[in-house]
Amino acid sequence: MLAFSWNRSRWLMLAVLPFLTFCELGASTPSETSSQIQLDVGVSNPTMLAGKKNQINHLRISLTGFDLPKSDRRPPVNTAIVIDQSGSMGGEKIAQARNAAIAAVERLRDDDIVSIVLYSDSATVLVPATKASDRESIIRKIQTIQAQGSTALFAGVSKGAAEVRKFIDGDYVNRVILLSDGKANVGPKSPRELERLGASLVKEGISVSTLGLGLGYNEDLMGRLASAGSGNHMFVEAADDLVAVFQKEFNDLLSVVASEFEIHAKLAEGIRAVRVLNSEADISGQDIYVPLTQLYARQQRYFIVEVEVPGGENGAEMPMAEVSIKYKNLISDTTDKLTSSIGIRFSDDAKVVEENRDLETYAQCAIQFANDANIRATLLRDQGKIEEAKQLLITNCYQLNKLSAESRGCIAEPLALELERNAKLNGMQSELLDLPMEWTRSRKQMIFEQNRNASQQDYRVDSPSQVSPPAVQSSPKSP
């Protein structure tokens, strides 16, 4: 899912790097004729220390989307554009929101379905769900949008979902796109309530993307709604970037190749699931079910399952998990199934354990662990515990840099660059924590990046970017 950090501060130096791409070492790049999702299952430590009980290991489930056909064929979309028209959106904000919505509508095909929903004190439908063929009429209505009133955000999303629901179809890409510059102050307004709404829509096959405009919106609410809603979350500081951000969101929307995923991992007897890192999942005994609404062309989406493994004797082998994937292929209009299994072995030689480490999986785990620590750092900063928060970020920076250096040449270059990008990002964030004037902006940037890492919004299997990683103003010392 492509995403970008849209603000004019020094965060912009880091924003070029989300275009760095990501691929699995040793995994084949999808060919131009490939039309099935690639499933790759790995484990961070394929060899574990013998004679030691209840060790922690990590299972990786990775999905990679195939190319869209070179023809104009793509799945049709059914989207509701939900626009905040509260009083704070006046002036340039509402003008650019109109321009962004118009530019998005102009990209749709005649068989796509679009609706426009406005919300302030309450939610109203400006354009009921309709085929995009009558663009001129839709655009004329968008041009009438003005700013006034409060922010009934929950009602806006609900009304947008109701419009999508009118024509919901498994052959369509169904999505609500929410734009807001403020805090919900009418109706349900807590992040948890919006998170539940997003999760319920995912079960219906409707994803939710959120665009936070300016410095006044509630990033916790918008971030959690997008995360639970299996969509993108973007921080847009400047109103005149809205058109570009909408274009990027529609780049994703128009490149979905698969949907309605059923991801099931069944652990072998004796192996206990602890959690799925930074992802919602249903864990029931040996069975793990991970929700995923859609996958984009050439996108890689991975999930890390933390497990506890019982002891084994030297030389023994043990099955770890069987993974099955079922999804709707929107290009071939078929229901495809994929399966894979993986096991582990035991050795009493710690050096062998170390040498057999799967560095690709290990690096992806490191990014997710650092992301989890980054979330904790945000909470500590909220509590005024600046030094504790700073130490977490500095530790992240040090550990990610160390792993990047150790694994250079042994993992895919884009993944190595992703490690380095996250290291520099954590270093920069640590420097801004004790600057009160920067915290509003920095916090939004941190939430954006946390969502980006958790969902791999922009991990693609294209050729890696040639852009060099930016330098931070000062290098954090090792802990």
Side-chain angles (χ1 to χ4, degrees), residues 3-7 9-20 22 58 219-220 223 227 233-235 237 277-279 302 304 359 362-408 411 414-436 438-459 465 467-479:
F4 197 85
S5 171
W6 294 92
N7 60 73
S9 68
R10 55 179 171 166
W11 288 110
L12 194 57
M13 296 191 302
L14 285 172
V16 295
L17 281 173
F19 289 102
L20 295 175
F22 183 93
H58 294 91
E219 60 268 26
D220 293 310
S227 179
H233 168 58
M234 300 186 192
F235 168 29
E237 184 171 347
L277 300 182
N278 296 307
S279 294
Y302 68 84
I304 303 293
L359 288 176
Y362 195 79
Q364 290 167 333
C365 288
I367 290 172
Q368 294 306 319
F369 276 118
N371 200 54
D372 190 55
N374 196 286
I375 293 170
R376 295 200 307 274
T378 305
L379 296 176
L380 287 169
R381 175 60 178 81
D382 289 343
Q383 298 166 5
K385 300 176 181 178
I386 296 175
E387 289 306 314
E388 291 182 48
K390 184 178 293 188
Q391 188 58 43
L392 275 178
L393 298 179
I394 291 173
T395 300
N396 274 352
C397 179
Y398 171 74
Q399 292 178 341
L400 291 170
N401 266 330
K402 183 173 182 291
L403 180 57
S404 178
E406 292 174 348
S407 58
R408 179 71 68 170
I411 63 175
L415 178 53
L417 290 172
E418 185 66 16
L419 285 171
E420 188 174 339
R421 191 196 76 87
N422 271 277
K424 292 182 181 296
L425 187 68
N426 278 270
M428 179 176 286
Q429 290 169 345
S430 72
E431 297 172 351
L432 298 176
L433 286 182
D434 52 4
L435 300 178
E438 289 288 335
W439 178 236
T440 297
R441 176 182 289 105
S442 300
R443 192 181 193 281
K444 286 175 168 56
Q445 181 67 29
M446 290 176 74
I447 298 296
F448 164 80
E449 292 289 350
Q450 290 160 11
N451 277 266
R452 175 190 171 276
N453 279 325
S455 62
Q456 304 102 50
Q457 284 183 191
D458 56 351
Y459 282 9
S465 168
V467 178
S468 298
V472 293
Q473 293 186 352
S474 62
S475 300
K477 298 177 181 179
S478 62

[atom1]-[atom2] distance between [X] and [Y], expressed to the nearest 0.5 angstrom:
X      : Y      : atom1 : atom2 : result
Arg443 : Phe235 : CZ    : CZ    : 12.0 Å
Leu433 : Glu438 : CG    : CD    : 11.5 Å
Lys444 : Asp220 : NZ    : CG    : 9.0 Å
Thr378 : Glu219 : OG1   : CD    : 9.0 Å
Met446 : Leu425 : CE    : CG    : 8.5 Å
Ser227 : Gln450 : OG    : CD    : 10.5 Å

Are Arg452 and Glu418 close enough for a salt bridge, meaning some N to O gap below 4.0 Å?
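Salt bridge: yes.
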Exactly one of Asn374, Asn426, Asn371 should register a side chain to side chain donor-acceptor pair (under 3.5 Å) with Asn396. Which one does?
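Output: one option passes, namely Asn426.
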Starting from the C-alpha separation in whole Å, work towards a yes-or-no answer on side-chain contact (heavy atoms from CB on, under 4.5 Å) for Glu406 and Tyr362.
CA-CA 12 Å; Glu406 292 174 348; Tyr362 195 79; over 6 Å; no
For [X] and [Y], which heavy atoms make the closest approach, and how far apart are they?
X      : Y      : answer
Ala416 : Ser404 : O-OG, 3.5 Å
Cys397 : Ala423 : SG-O, 3.3 Å
Ile386 : Arg381 : CG1-CD, 3.7 Å
Cys365 : Ile304 : SG-CG2, 3.6 Å
Ala389 : Ala377 : CB-O, 3.3 Å
Gly223 : Ile447 : CA-CG2, 4.4 Å

Quick one: does [X]'s side chain get under 4.5 Å of [Y]'s, heavy atoms only?
X      : Y      : result
Arg408 : Glu420 : yes
Ser407 : Leu415 : no
Glu388 : Arg376 : no
Leu277 : Tyr302 : no

Set out, in order, the CA-CA distance, both residues' side-chain angles and the distance that settles side-chain contact (heavy atoms from CB on, under 4.5 Å) for Gln391 and Thr395, then state yes or no.
CA-CA 6 Å; Gln391 188 58 43; Thr395 300; 3.5 Å; yes
Test Ser442 against Leu435 for side-chain contact (heavy atoms from CB on, under 4.5 Å), laying out the working first.
CA-CA 9 Å; Ser442 300; Leu435 300 178; over 6 Å; no
Measure the acute angle between the ring planes of Phe369 and His58, then classify it against the limits of 30° and 60° as parallel, tilted or perpendicular.
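Phe369 vs His58 ring planes: perpendicular.
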Could you go step by step and tell me if Asn453 and Asn278 meet the side-chain contact (heavy atoms from CB on, under 4.5 Å) rule?
CA-CA 9 Å; Asn453 279 325; Asn278 296 307; over 6 Å; no
Regarding Gln445 and Glu449, is there a side-chain donor-to-acceptor distance under 3.5 Å anywhere?
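There is such a pair between these side chains.
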